[in-house]
Student: 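Here's a structure for you.
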Amino acid sequence: AFIWNLEIGKCSKAGQYSKALQFFNQMQSEGVKPDKYTFVLVLKACSRLAALEEGKLIHQQVIESGCQSDVFVGNCLVNMYTECGSIKDACTVFINMPTRDLVTWNTMISGYVKCAESQKALETFQLMKIEEVWPDRITFVSVLSACANLAILEEGILAHSEVFRSSCESDISVGNCLIDMYIKCGSMESASRVFNNMSTRDVISWSAMIMGYAKDGQGETALKLFSDMENHSVQPNNITFMGALTACGSIESLAMGRLVHAQVLESKRESDVFVGNCLVDMYCKCGSIEDAYRVFKGMPNHSMVSWSTMLGGYSMHGYGKEAFRLFDNMCQEGWEID
RNA sequence: AUUUUGUAGCGCGCGA
């Protein structure tokens with residue numbers, strides 16, 4: 001089995017999960033019994049492929065082989081079920097596990113967040129502490145995003161204090177999650193306090209703050225941060241630019257919008273459909289329908305959002321005729337409304 | 001030889 005595991009492990013590392021499962025089948029047809037290391041690898045493959053049926057069959061084999069009490073195998077089963085969208089099965093495995101470690105709890109908590117059961121995620125976090133398993137940075141990424149999803153500031157503040165208790169506050173991912181949580185809970189002030197206290201900030205930290213201020217109607221502050229980024233030698237990405245464009249739209253500053261647009265062109269980001277949509281939206285909000293349509297027309301491909309942004313811009317500014325004509329074009333290109 | 005991290009992002013509408 002060892003030699004097969006090496007082979008399967010190689011596929012897994014290379015992201016070739018289907019191939020890993022092929023090897024697994026081949027291994028069995030040659031009469032080699034899989035062990036717990038094999039199960040860990042193939043269950044991970046099932047998770048990545050969201051292959052529920054395969055996963056269930058392997059679960060059966062795990063039970064037959066007596067490996068189900070292994071904590072690594074159990075963790076992989078829990079993860080496989082959550083990734084396959086079967087939280088109920090994940091929960092059953094979780095409950096029946098003889099021992100649970102930190103990874104087990106983290107897997108279950110993130111599983112709940114993934115299936116939009118943030119409340120359950122927080123409850124599981126409580127249980128974990130009762131069982132005296134102490135959270136780490138990975139736990140907090142899930143817990144804080146659960147708080148963000150629920151948008152309950154009090155829960156977020158509680159989680160923040162736990163971050164300190166666990167000395168995770170200097171972790172950059174945790175810091176970014178705290179920023180995101182405070183923003184989604186409506187507290188830009190707390191978000192900026194976290195941001196300012198961070199010893200290092202990455203592009204995610206900056207982008208989150210820029211978009212946060214932009215959506216909060218504080219476009220100037222957002223654009224100030226956008227220009228500050230350079231001085232901190234953090235390179236903006238497409239998402240950062242989307243935030244800057246949102247900021248221009250929120251303060252209806254056509255001049256700033258054009259400036260950011262120029263930067264978009266300079267850095268060759270205009271072919272990105274998301275950036276394109278933001279450009280269209282920005283020009284609509286700044287009252288320049290002509291520019292909006294020019295950008296829209298120039299986009300290499302459109303999404304449903306592109307069309308509705310442009311249509312919304314037309315109707316907002318009283319361009320009824322153009323809106324109808326565009327709607328016709330949209331239908332001709334095969335877009336359906338739902 | 002093995003497992004966990006939905007941390008930032010676009011429009012409109014509706015609901016609360």
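Just the heavy atoms: all of them, side chains too, but no hydrogens, waters or symmetry mates, feed the values below. Each chain gets a letter, A, B and so on, in the order the sequences are listed, and its residues count up from 1.
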Student: Would you give the length of the straight line joining atom CH2 of A:Trp335 to atom CZ of A:Phe327, rounded to the nearest 0.5 angstrom?
Tutor: 13.0 Å
Student: Pick base, sugar-phosphate or nothing for A:Glu117, based on heavy-atom distances below 4.0 Å to the nucleic acid.
Tutor: nothing
Student: Determine the contact category for A:Ser308: base if any of its heavy atoms lies under 4.0 Å from a base atom, sugar-phosphate if only primed atoms, P, OP1 or OP2 are that close, otherwise nothing.
Tutor: base
Student: Between B:U5, B:A1, B:U7, which one does the side chain of A:Ser110 approach most closely?
Tutor: B:U5
Student: Please give, in whole Å, the distance from B:U4 P to A:Leu41 CG?
Tutor: 11 Å
Student: From B:U5, B:A8, B:C10, pick the nucleotide closest to the side chain of A:Asn79?
Tutor: B:U5
Student: Is the centre of the A:His232 ring less than 6.0 Å from the centre of the A:Trp206 ring?
Tutor: yes
Student: Below the 4.0 Å mark, does B:A1 have OP1 or OP2 next to a side-chain nitrogen or oxygen of A:Lys13?
Tutor: no
Student: Side chains of A:Asp202 and A:Ser205: donor-acceptor distance under 3.5 Å anywhere?
Tutor: yes
Student: Any side-chain N or O of A:Arg269 under 4.0 Å from OP1/OP2 of B:G9?
Tutor: no
Student: To the nearest 0.5 Å, what is the distance between CG (A:Leu57) and SG (A:Cys46)?
Tutor: 9.0 Å
Student: Just N and O in the side chain of A:Lys215: are any of them under 4.0 Å from OP1 or OP2 of B:C10?
Tutor: yes
Student: Base, sugar-phosphate alone, or nothing: which one does A:Asn5 contact when heavy atoms must sit under 4.0 Å apart?
Tutor: base
Student: Would you kindly give the CG-to-P distance between A:Leu144 and B:U5, to the nearest whole Å?
Tutor: 16 Å
Student: If you check the A:Met211 side chain, which of B:G11, B:A8, B:U5 turns out closest?
Tutor: B:A8
Student: Base, sugar-phosphate alone, or nothing: which one does A:Asn237 contact when heavy atoms must sit under 4.0 Å apart?
Tutor: base
Student: For the side chain of A:Asn277, starting at C-beta, report the closest nucleotide among B:C10, B:G9, B:U4.
Tutor: B:C10
Student: Could you tell me whether the side chains of A:Asn277 and A:Asp272 share a donor-acceptor contact shorter than 3.5 Å?
Tutor: no
Student: Taking only the side-chain heavy atoms of A:Lys44 (C-beta and beyond), determine which of B:U4, B:C10, B:U7 contains the nearest atom.
Tutor: B:U4
Student: In whole Å, I'd like the distance from the CH2 atom of A:Trp105 to the P atom of B:U3.
Tutor: 22 Å
Student: With sugar-phosphate meaning primed atoms plus P, OP1 and OP2, does A:Met242 contact a base, only sugar-phosphate, or nothing at under 4.0 Å between heavy atoms?
Tutor: base
Student: In whole angstrom, what separates A:Glu83's CD from B:U3's P?
Tutor: 14 Å
Student: Counting any heavy atom closer than 4.0 Å, what does A:Thr107 reach on the DNA or RNA strands: base, sugar-phosphate only, or nothing?
Tutor: sugar-phosphate
Student: Going by 5.5 Å between centroids and 30° between planes, is there a stack of A:Phe72 over B:U3?
Tutor: yes
Student: Quick one: do the A:Ser173 and A:Asn176 side chains pair a donor with an acceptor below 3.5 Å?
Tutor: no
Student: So, under a plain 3.5 Å distance rule, would you say the side chain of A:Asn176 forms a donor-acceptor pair with the base of B:U7?
Tutor: yes
Student: Rounded to whole Å, please give me the gap between CZ in A:Arg201 and P in B:A8.
Tutor: 19 Å
